[in-house]
Each structure stands twice: as structure tokens, then as C-alpha cells.
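The structure presented is a predicted model; accordingly, all values stated were derived computationally and were not measured.
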Number of protein chains: 2
Amino acid sequence: MSRTRPLPAAEPCPWDEIPGRLRATGMRWTPQRRTLVRVLQSMEGHVSAAEIIERCRAEDATTTPSTVYRTLDVLEDLGVVCHGHAGDGREEYHVLPQAPHGHFYCDGCGAVLEIRDELAKEVVRLLEAHLGFEIDLSHLTLSGRCRGCREE
Amino acid sequence: MSRTRPLPAAEPCPWDEIPGRLRATGMRWTPQRRTLVRVLQSMEGHVSAAEIIERCRAEDATTTPSTVYRTLDVLEDLGVVCHGHAGDGREEYHVLPQAPHGHFYCDGCGAVLEIRDELAKEVVRLLEAHLGFEIDLSHLTLSGRCRGCREE
DNA sequence: TTGGTTGCAAACACTTTGCAGCTGA
DNA sequence: TCAGCTGCAAAGTGTTTGCAACCAA
């Protein structure tokens, strides 16, 4: 299973390279994969497995969860998505992560903010300096309360 | 359910105050709770629900998961533990958090480090300054690779 | 006594897997 | 053709809940 891989694929794979990259390793470019990839393209950012499945079903009512999960695994190997866990522990997929970033979930209002670029680097650097850990920020979602909810 | 509460209880509850605090609100101090509390006392830090259940079963073979989960919920309201999610999305409990701190899990060797005190404050401050989020670090476990595993 | 607790079993949500048949290359 | 892929159904996980019996206060 790809999710036991230590760290996400090094370089992200552009959308239009996907069919070729699949075929290059003997894999197939099927209608179901076309649907999933089209859906993912319209969802850049963070998405739950449930959302992905629902959107696929909207495009193709015959979509099956197992196929979606299996294909997401394949796409994760290609670096198109990488998965982590939302605050409630469910699978969460990050689409086409260009730079290391995490997500921030507000317990109060449910808002989600991305922790990206400079800030992500800063956090990574800080933790690395203190603990010697190379953090995989893209794999997690922090939780807390946003400014708005704190002022209530 | 207590796990929908916005943030963990403000002040941690010393072990010996637990019986009294329970009774004060009409709750009972039962053998099962005694067992669980004893087990938790011997496990300060991060523990998975499975570990807690297993250890309880070692002390009392009749221990039931449902009772453990329910009691952990009660103890979370008292501030004795607070729960989050491990890297794989399972429930994880932090026992008697004295100061805000998170955990760091190494994908390589499985080592767990605590992110505490100064470093935790620094991270919290950083994220707060940039995003306006009041982070609940105790609610999460970061993942990545530790120094040792990176050098392999 | 009596309402909080417990144990059991069943329900749950989500994800994974086995397998026979289908299909892209 | 023929491996990879799909759909289905079934099995897992890990956690939660309903309920009757139980027992701490």
C-alpha cells in the first residue's frame, strides 16, 4: 500500500502527464480515473475522501468508493495528491501540493486556512532546529480557534 | 459528547482530586474508573486508545472498550486527558498535559518526541501571528523523519 | 432507593480486500 | 490477448450507542 511510503513523492506530476506516466509503468488510463482526475482538478487544496467520492458520483453515478480509494493511492504515488488526516481523524487529500504546507482547522467555525510557503518553512525550520525532525507538514491539519471565534 | 467541546478544560486536575470532583457533580467513583485512572497515571504522555484498553485489561481482564472510551470522555472533561489524532487517524490521548505541547512521530523508526514548553510556545506564537489562529497544539501529532532516519 | 455506570451486542462510519468478470493497450 | 482495473460484497478497523442489569452514594 502506498500510504506506508515514508514521504510523499518528490516532484508533483502535472495533470496532462498523468495518462503517460500511468502507461509508462504498465498502468491504464480508464474512464474512472479520467473522472477522478477531472474532479481533483476542480478541487485544488484540501478535500476529504467523502467529498471526492461525492463529486465523482455527480459526474458518474456508478462511481464506487473502493475504486476511488484505490485510484487515489495510485495518484499519491505520482505525487498528484498526498493524504493526511483531518482534525476528526478521517482521510484528507491535498491536491497537487506545490510547496510544503499544512492546514488549519478552526474548532469554532470550521474555517480552514492553509499554512503555506514562508510560514510553513519557518515552522519546519523551527522544529527541525530544536528536535532534529524533518517535518512533513503537508500530512497534517492543526486545529484551534481562529481570530473571529476567539473574540466571541 | 465532550469531544465536540471547543478547547480542553482550562486547568488540569490532580490525580487525587478526581474522586472528589466526580462525586461533586453527582458522578461515581467506580472500580473501572479506578483501574483506568491507575493505568493513566503510569502512562503520562501520549497513548493510544488501544494501549490504554490493553493495559486496563492487564489489570482487570473484564475491561470493556466502551467503558474505557466513555470514562476517557469523562476524564477529558476534568482535564486529566485530552484527545487528538495520531498520524494514522486513530484516537490518541495525552495524559495530564501540564503545558501546551504536541507530539512528533517519526515515520522512519516510530520514535515519538514531545514538542513542549519554549518550542511549543514559539510555534504557537508564529502561527498565531501569521494566521490569527489560536492553536491547540496538544490536539495533534506531527509526522516526519527524525535526524537518525534522515541520515540512513 | 435510584440515577449514574457497566457490559454486551449491535450499530457505526470509513476504509480495505477478495474475487470474478471486464477492458485498455 | 491478458495483465491491470472495476464493481460488488464482505471483511476489517476503531469508536459509539441502546438497553437492561447493576451498584455506588
Please report the C-alpha distance between A:Gln32 and A:Thr35 in whole Å, then the side-chain angles of each, then the deciding distance to 0.1 Å, and finally whether the side chain to side chain donor-acceptor pair (under 3.5 Å) criterion is met. CA-CA 5 Å; A:Gln32 293 83 348; A:Thr35 302; over 6 Å; no
Full working for side chain to side chain donor-acceptor pair (under 3.5 Å) between A:Arg57 and A:Thr62: CA-CA 7 Å; A:Arg57 217 185 277 277; A:Thr62 71; over 6 Å; no
Just how far, in rounded Å, is [atom2] of [N] from [atom1] of [X]?
{"X": "B:Ile53", "N": "D:dG14", "atom1": "CD1", "atom2": "P", "value": "10 Å"}
{"X": "A:Ile52", "N": "C:dC14", "atom1": "CD1", "atom2": "C1'", "value": "14 Å"}
{"X": "B:Leu72", "N": "C:dT5", "atom1": "CG", "atom2": "P", "value": "14 Å"}
{"X": "A:Leu75", "N": "D:dC5", "atom1": "CG", "atom2": "P", "value": "11 Å"}
{"X": "B:Glu92", "N": "D:dG14", "atom1": "CD", "atom2": "P", "value": "14 Å"}
{"X": "A:Glu54", "N": "C:dA13", "atom1": "CD", "atom2": "P", "value": "15 Å"}
{"X": "B:Glu51", "N": "D:dT13", "atom1": "CD", "atom2": "P", "value": "17 Å"}
{"X": "A:Arg90", "N": "C:dT16", "atom1": "CZ", "atom2": "C1'", "value": "17 Å"}

Donor + acceptor pair across side chains of A:Glu92, A:His83 (<3.5 Å): no
I'd like to check the side chain to side chain contact (heavy atoms under 4.5 Å, CB included) partners of A:Arg28; sequence neighbours left out, ordered by chain and number. A:Thr30
Any non-hydrogen side-chain atom of B:Asp77 less than 4.5 Å from a side-chain atom of B:Val74? no
So what is the end-to-end bend of the helix from C:dT1-D:dA25 to C:dC14-D:dG12, with 5 pairs used at each end and the value given to 10 degrees?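 Axis-to-axis angle, ends of the helix: 30°.
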Using a cut-off of 4.0 Å on non-hydrogen atoms, how would the nucleic acid contact of A:Ala50 be classed: base, sugar-phosphate, or nothing?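 If one applies the 4.0 Å heavy-atom cut-off, A:Ala50 turns out to touch nothing in the nucleic acid.
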Separation between [atom1] of [X] and [atom2] of [Y], rounded to the nearest 0.5 Å:
{"X": "A:Tyr93", "Y": "A:Leu72", "atom1": "OH", "atom2": "CG", "value": "4.5 Å"}
{"X": "B:Leu36", "Y": "B:Tyr69", "atom1": "CG", "atom2": "OH", "value": "12.0 Å"}
{"X": "B:Arg34", "Y": "B:Glu59", "atom1": "CZ", "atom2": "CD", "value": "12.5 Å"}
{"X": "A:Leu75", "Y": "A:Arg21", "atom1": "CG", "atom2": "CZ", "value": "11.0 Å"}

N/O (side chain, A:Thr64) to phosphate O (OP1/OP2, D:dT6) under 4.0 Å: no
Less than 4.0 angstrom between a side-chain N/O of B:Gln32 and OP1 or OP2 of C:dG7, yes or no?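 True: B:Gln32 side-chain N/O within range (under 4.0 Å) of C:dG7 OP1/OP2.
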What nucleotide among D:dT15, D:dG14, D:dT6 has an atom nearest to a side-chain atom of A:Arg33?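 Among the listed nucleotides, the one closest to the side chain of A:Arg33 is D:dT6.
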Take nucleotides 18-25 of chain D nucleotide by nucleotide from the 5' end and write B, S or -, depending on whether a protein heavy atom sits under 4.0 Å from the base, only from the sugar-phosphate, or from neither. B-----BS
Start at the 5' end of DNA chain C and walk down; is the nucleotide closest to B:Thr63 or to B:Gly26 reached first? B:Gly26
